[in-house]
Amino acid sequence: VGRTSPCLHGNFFPTTYPCYAYHFPDSGHTKLYCPNNPKAERFPASTANADDIWRWLDPTNKVAVVTKSFKDGACVNNLVQADIYAPQSEGVVTQKLLDHLKFYDTTVILYDNDKPGINAANELHKQLPNSKTLFYPIQVESIPIKDTDDMVVNGFSNLAKNLIYGSLQS
């Protein structure tokens, strides 16, 4: 636990707010996120591991979107009808994730449009023959964009939705 986040008898007491607890129902693991902590301490406590993936699933879907982080996964889930998989970062590709994705007709990989996101998307694309990569424009109406959250927060939900559906259908 980070120095700004004391722990007493196994209980976590954040010293900055908000502080979010992400729960992984399949494993029972939890990951704490404190966005106002210094960058190195934004995730002060976690029992999660690389196999913990956020998922939004509907058994009727034949298409999937892979994004990174709970925040982007939740945004994509509100925009399109597809199964959503969100590893904890774009650098996390496990056999468990690959096993989930191999059954879809189409998988769109939607990572950040920065260098780590582009590199990670291209690497995952090599491992999934049924996949396509999608990156948002770097700017929309002079507003910098890197991920789905940026699109939604800045009022470009319809554009994000159209780009995702366009990738799923092409």
Side-chain angles (χ1 to χ4, degrees), residues 20-33 35 39 42-43 46-140 143-154 156-170:
Y20 304 96
Y22 295 125
H23 180 68
F24 297 91
D26 292 346
S27 67
H29 294 154
T30 302
K31 180 177 186 174
L32 297 179
Y33 172 52
K39 189 169 187 167
R42 287 192 183 148
F43 297 98
S46 177
T47 59
N49 62 46
D51 279 331
D52 288 316
I53 301 167
W54 290 290
R55 300 181 294 165
W56 293 262
L57 305 176
D58 177 332
T60 63
N61 288 329
K62 299 203 182 322
V63 294
V65 176
V66 180
T67 189
K68 58 92 193 150
S69 82
F70 179 86
K71 174 182 70 168
D72 288 334
C75 287
V76 172
N77 184 55
N78 286 320
L79 294 174
V80 298
Q81 180 64 38
D83 283 357
I84 314 299
Y85 292 85
Q88 297 172 58
S89 78
E90 63 265 284
V92 177
V93 176
T94 64
Q95 190 59 49
K96 181 178 179 180
L97 176 64
L98 295 172
D99 289 345
H100 285 304
L101 297 173
K102 67 184 177 186
F103 297 104
Y104 291 96
D105 295 342
T106 304
T107 298
V108 171
I109 303 165
L110 178 57
Y111 286 164
D112 289 2
N113 62 10
D114 57 13
K115 188 175 181 175
I118 292 168
N119 289 340
N122 290 331
E123 285 302 311
L124 181 55
H125 176 62
K126 290 177 189 174
Q127 298 178 60
L128 291 170
N130 62 335
S131 68
K132 303 170 185 178
T133 56
L134 170 63
F135 303 102
Y136 292 122
I138 293 172
Q139 270 191 336
V140 178
I143 298 171
I145 300 291
K146 72 175 174 58
D147 59 22
T148 305
D149 179 65
D150 287 346
M151 294 289 281
V152 171
V153 166
N154 288 294
F156 304 119
S157 295
N158 283 336
L159 176 58
K161 182 181 194 176
N162 291 338
L163 289 168
I164 296 167
Y165 273 131
S167 291
L168 287 169
Q169 295 169 357
S170 65

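No hydrogens, no waters, no symmetry mates; every other heavy atom, side chains included, goes into these values.
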Side-chain donor/acceptor of [X] to backbone N/O of [Y], under 3.5 Å:
| X | Y | value |
| --- | --- | --- |
| H125 | S131 | yes |
| N154 | F156 | no |
| T47 | T30 | yes |
| N113 | I145 | yes |

SB check K71 D149 (cutoff 4.0 Å):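 A salt bridge links K71 with D149.
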Q95 versus D99, side-chain donor and acceptor atoms under 3.5 Å: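 Checked: D99/Q95 side chains pair up, N/O donor to acceptor below 3.5 Å.
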Distance-only donor-acceptor check, side chains Q88 and D52, under 3.5 Å: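 On atom types as modelled, these side chains do not qualify, holding no pair under 3.5 Å.
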Which heavy-atom pair separates [X] from [Y] by the least distance, and what is that distance?
| X | Y | result |
| --- | --- | --- |
| V80 | Y165 | CA-OH, 3.3 Å |
| R55 | H100 | NH1-CE1, 3.2 Å |
| A86 | G73 | CB-CA, 4.3 Å |
| E90 | K68 | N-CB, 3.6 Å |
| A121 | T133 | O-CG2, 3.8 Å |

Taking atom [atom1] of [X] and atom [atom2] of [Y], what is their separation to the nearest 0.5 Å?
| X | Y | atom1 | atom2 | result |
| --- | --- | --- | --- | --- |
| L134 | I164 | CG | CD1 | 6.5 Å |
| N77 | L57 | CG | CG | 9.5 Å |
| L168 | L163 | CG | CG | 11.0 Å |
| K96 | N49 | NZ | CG | 8.0 Å |
| L110 | L79 | CG | CG | 9.5 Å |

Greater than 12 external heavy atoms within 6.0 Å of K161's NZ: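 Open.
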May I ask you to test the [X]-[Y] pair for a side-chain heavy-atom distance under 4.5 Å?
| X | Y | result |
| --- | --- | --- |
| D105 | N130 | no |
| D150 | D147 | yes |
| Q81 | N61 | yes |
| C75 | V153 | no |
| T148 | V152 | yes |
| P87 | L97 | yes |
| D26 | W54 | no |
| K146 | Y136 | no |

Trace of the side chain to side chain contact (heavy atoms under 4.5 Å, CB included) decision for D112 with D72: CA-CA 10 Å; D112 289 2; D72 288 334; 4.0 Å; yes
Row check, F24 ring normal vs K31 NZ/CZ: under 6.0 Å, within 45°: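 K31 over F24 ring: no.
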Candidate pair L98 and Q127, rule side chain to side chain contact (heavy atoms under 4.5 Å, CB included), full reasoning: CA-CA 8 Å; L98 295 172; Q127 298 178 60; 3.2 Å; yes
Aromatic plane relationship, W56 with F70 - under 30° parallel, 30 to 60° tilted, over 60° perpendicular: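 Aromatic pair F70/W56 classed tilted.
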Audit row: L124, Y111, side chain to side chain contact (heavy atoms under 4.5 Å, CB included) steps and yes/no: CA-CA 10 Å; L124 181 55; Y111 286 164; 3.5 Å; yes
